[in-house]
Every structure is written in structure tokens, then in C-alpha cells.
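Written out below as C-alpha cells is the structure these notes cover.
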Protein chains: 2
Amino acid sequence: MNDPDFPRRIRDAGGRVTAARVAVLRCLAATEEPLTPDEVLERLAQTAGPVPDRVTIYRAIEWLAAHGLVRQLATVGRAARYEAVEDRETHAHFQCRGCGQTRCLPAPPPPLPPLPIGYVAERVELVIHGLCAACRAGERR
Amino acid sequence: MNDPDFPRRIRDAGGRVTAARVAVLRCLAATEEPLTPDEVLERLAQTAGPVPDRVTIYRAIEWLAAHGLVRQLATVGRAARYEAVEDRETHAHFQCRGCGQTRCLPAPPPPLPPLPIGYVAERVELVIHGLCAACRAGERR
DNA sequence: GGTCTTTTTGCCATTTTATTGCATTTTTAC
DNA sequence: GTAAAAATGCAATAAAATGGCAAAAAGACC
Ligand SMILES: [Mn+2]
Ligand SMILES: [Mn+2]
Ligand SMILES: [Zn+2]
Ligand SMILES: [Zn+2]
């Protein structure tokens with residue numbers, strides 16, 4: 001955990017430093033698991049200070065994603081999930097088909113398969129589908 | 001392409017053989033790229049015969065997925081995407097951040113990272129994010 | 001500090017995608 | 001063919017995301 005100077009990161013990305021952007025970025029950076037926009041809102045609501053509107057959360061996330069401070073994960077659920085981009089190592093994500101939980105897993109970077117001509121890869125994502133411990137216990141056997 | 005006896009596959013899965021299930025499964029099996037429920041509906045609409053209701057498509061897909069004949073992909077787009085489960089080799093998926101296109105790529109099965117205690121993996125998915133040839137050409141430089 | 005310009009925000013309306021309830025129809029077992 | 005069980009169509013509803021626009025806030029300059 002190096003310097004989490006969120007206002008600086010936002011300014012360096014060429015945007016205005018607003019309460020909503022800082023709060024959303026801090027929220028995502030402070031969390032273990034990737035969050036949906038609504039989950040971000042819930043958490044901000046439990047914090048001190050004014051709560052941004054839901055639409056503002058969407059727009060803050062959109063801006064942060066467009067400027068590389070946050071990234072959207074590929075998911076099977078209905079809601080999009082985002083995580084702060086850290087300069088830590090590559091990792092994978094586990095998605096439980098029972099409860100929909102998504103969590104980060106340490107994992108080596110997977111190999112990049114050859115792409116069709118003209119295609120360019122920007123990111124490789126590894127998703128493990130399965131059942132979490134709780135959901136597995138819940139499934140009668 | 002071995003025997004695509006869709007009614008049989010559905011019956012073997014323990015379900016009733018209905019026109020909608022057969023049509024949806026055939027549609028997904030006949031396609032190169034994973035489709036959204038609406039795309040399935042569009043394609044069925046262009047085929048001969050009665051067109052199932054949108055809700056029926058959803059329910060057919062849901063049933064097929066629950067019984068392993070179809071699988072939902074992890075995506076960044078808003079709509080869910082599905083593909084028929086073939087017994088062919090593993091493959092990855094490319095997702096264009098420009099147009100949202102999702103296509104299958106031949107790729108070796110990625111290594112399974114270690115999971116937390118009690119977690120069980122059922123499937124590993126590799127997603128390549130980037131730009132397709134068309135979208136790359138479209139981006140001014 | 002104050003003033004100006006540009007960007008962002010809040011609120012409301014709307015869109016897109018998916019789900020639920022229920023009467024009717026279809027499938028299957030006998 | 002008949003009856004039981006399951007699937008379907010249709011309308012209503014829910015969930016997630018987006019668009020328009022006036023008000024508010026941020027940054028640049030003084
Ligand atoms: Mn992660
Ligand atoms: Mn595929
Ligand atoms: Zn779970
Ligand atoms: Zn594209």
C-alpha cells in the first residue's frame with residue numbers, strides 16, 4: 001500500500017478533483033472485493049459526509065474507468081463490478097454461481113492466445129467459476 | 001460436428017422437449033459467436049415457424065444453462081451472452097471495448113490458480129479485452 | 001478574497017435487460 | 001385418449017443503466 005493520494009491521481013489523469021470521484025476511488029481502493037455501483041453507494045452512505053447521487057456514482061465510475069484508475073470486470077451477474085487499479089501483481093477472480101460473490105485471487109498472469117489479424121489485446125482476465133465455501137455447504141447432498 | 005440431436009440432448013437432461021428449447025439450442029449451436037437472448041430472438045424471427053415469446057427465450061436459456069447444455073459467459077456488456085456447450089476443446093473469448101463484440105478464440109486451457117479452503121472450481125474462463133480490427137481502424141490516431 | 005468559464009452534480013424521466021404471476025397450452029406417462 | 005405435470009404467452013414489474021437540463025462546484029485568473 002504505497003501512497004494512496006487519490007486527489008493527485010485524479011488530477012494527474014487530467015480531471016477535476018471532486019468529492020464524488022475521490023470518495024468512489026477511495027471506496028474501491030479500500031475494498032477487498034470488486035463492487036457494483038450500488039454497493040459503492042451503500043458504503044458511501046455509511047460513511048460521514050454527504051452521499052452522492054446514484055447517477056453521480058455511475059458517472060464517477062465511468063470517468064475513473066475511462067482514465068485507467070478503475071476497471072470493470074467481466075461478470076456473469078446483472079450488475080457491473082469494478083475494482084481500483086493498483087500497481088500490484090496480476091490476479092484472477094472467482095465468481096460463485098450460488099451467491100454471485102466475486103473475489104480476487106492471487107494468480108500468475110495467464111498466457112495470451114494468438115489473436116486474429118488486426119486485433120489488439122489490452123488486458124487478459126482469468127475468471128474462475130464455481131461455488132464458494134458457504135454456498136457449497138448450503139447445497140444439500 | 002458430431003450428431004446434433006438436440007431433442008435427444010434435452011430429453012437426456014431430464015426435461016421436456018419443446019419447440020422453444022430446441023430452437024434456442026440449435027440457434028446457439030449454429031452460431032460462431034456467443035449471443036444475447038435478444039440476438040437469439042432476432043435470429044429465430046428470421047427462421048421459419050412460430051417465434052417464441054421473449055420470456056420463453058429467457059426461460060429456455062435459463063433451463064439449458066441449468067442443465068449444462070448452454071453456458072453464460074462473463075462479459076463487460078450489459079446483456080448476458082450465451083454459447084452452446086460443445087465437447088470440443090477449450091477456448092477463450094475476445095471482447096472488444098469499442099463495439100462490444102464477443103468472439104471465441106482457440107486457446108489452451110489456462111492453469112487453475114489455488115482457491116481458498118472450501119471453494120470449488122467448476123470452470124475456468126479466459127477473457128481477452130482489447131480492440132477488434134474494425135474498431136482499431138476507427139480510432140483516429 | 002472575487003469573477004469568469006468549464007465541468008460536474010442532482011433530479012427526473014427514460015431505456016435496456018431481466019423477472020414474476022397467472023391463466024392457457026403443450027408435453028408426457030399411462 | 002385422459003390426466004398430471006410442466007412450459008408458454010402475455011401483462012405487469014423489477015433491476016441496472018443512461019440521457020437531458022438547470023443548478024452547483026471546480027479551477028484559472030486576477
Ligand atoms: Mn481483483
Ligand atoms: Mn466461445
Ligand atoms: Zn457463494
Ligand atoms: Zn470492435
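Below, chain A is the first sequence line, B the second, and so on; all start at residue 1.
Between A:Y58 atom OH and C:dT14 atom C1' there is a gap of 14 Å when expressed in whole angstrom units. Distance CG (A:L64) to C1' (C:dT8): 13 Å, rounded to an integer number of Å. Between the CG atom of A:D53 and the P atom of D:dA16 there is a distance of 16 Å, given to the nearest Å. B:R81 has its CZ atom 13 Å from the C1' atom of C:dT17, to the nearest Å. Put simply, CD1 on B:I57 is 16 Å from P on D:dA7, counting in whole angstrom units. As rounded to whole Å, 9 Å separates atom C1' of C:dT16 from atom CG of B:D38. The interatomic distance linking B:R11 (CZ) with D:dA7 (P) rounds to 14 Å, in whole Å. Here the C1' atom of nucleotide C:dT17 and the OH atom of B:Y82 are 10 Å apart, to the nearest Å.
The side chain of A:A80 lies closest to D:dA17 when the candidates are C:dA18, D:dA17, D:dG27. Between C:dG10, C:dT28, C:dT16, one nucleotide has an atom nearer to the side chain of B:R78 than all others, and that is C:dT16.
The residue among B:A79 and A:W63 whose nearest nucleotide of DNA chain C lies closer to the 5′ end is A:W63. Mapped onto DNA chain D by nearest heavy atom, B:R16 and B:P52 fall at different nucleotides, with B:R16 at the one closer to the 5' end. Closest-nucleotide positions on DNA chain C for B:R59 and B:T18 were compared, and the one nearer the 5' end corresponds to B:R59.
Side-chain contact check for B:T75 versus A:T75: every heavy-atom pair is 4.5 Å or farther apart. Residues B:Q101 and B:R103 have side chains in contact (heavy-atom distance under 4.5 Å, counting atoms from C-beta outward).
Salt-bridge annotation for B:E33 and B:R81: absent, with no side-chain N of the basic residue lying under 4.0 Å from a carboxylate O of the acidic one.
At the heavy-atom level, B:R21 lies under 4.0 Å from the strands shown only through sugar-phosphate atoms. Contacts of A:A20 with the nucleic acid, taken as non-hydrogen atoms under 4.0 Å apart, involve only primed sugar atoms and P, OP1 or OP2. No engagement by A:A60 is indicated, since no non-hydrogen atom pair under 4.0 Å with the nucleic acid exists.
Of the candidates A:D12, A:L25, A:V85, A:L25 is the only one forming a side chain to side chain contact (heavy atoms under 4.5 Å, CB included) with A:L69.
Between the side chain of B:R71 and the backbone N or O of B:E83, no donor-acceptor pair lies under 3.5 Å.
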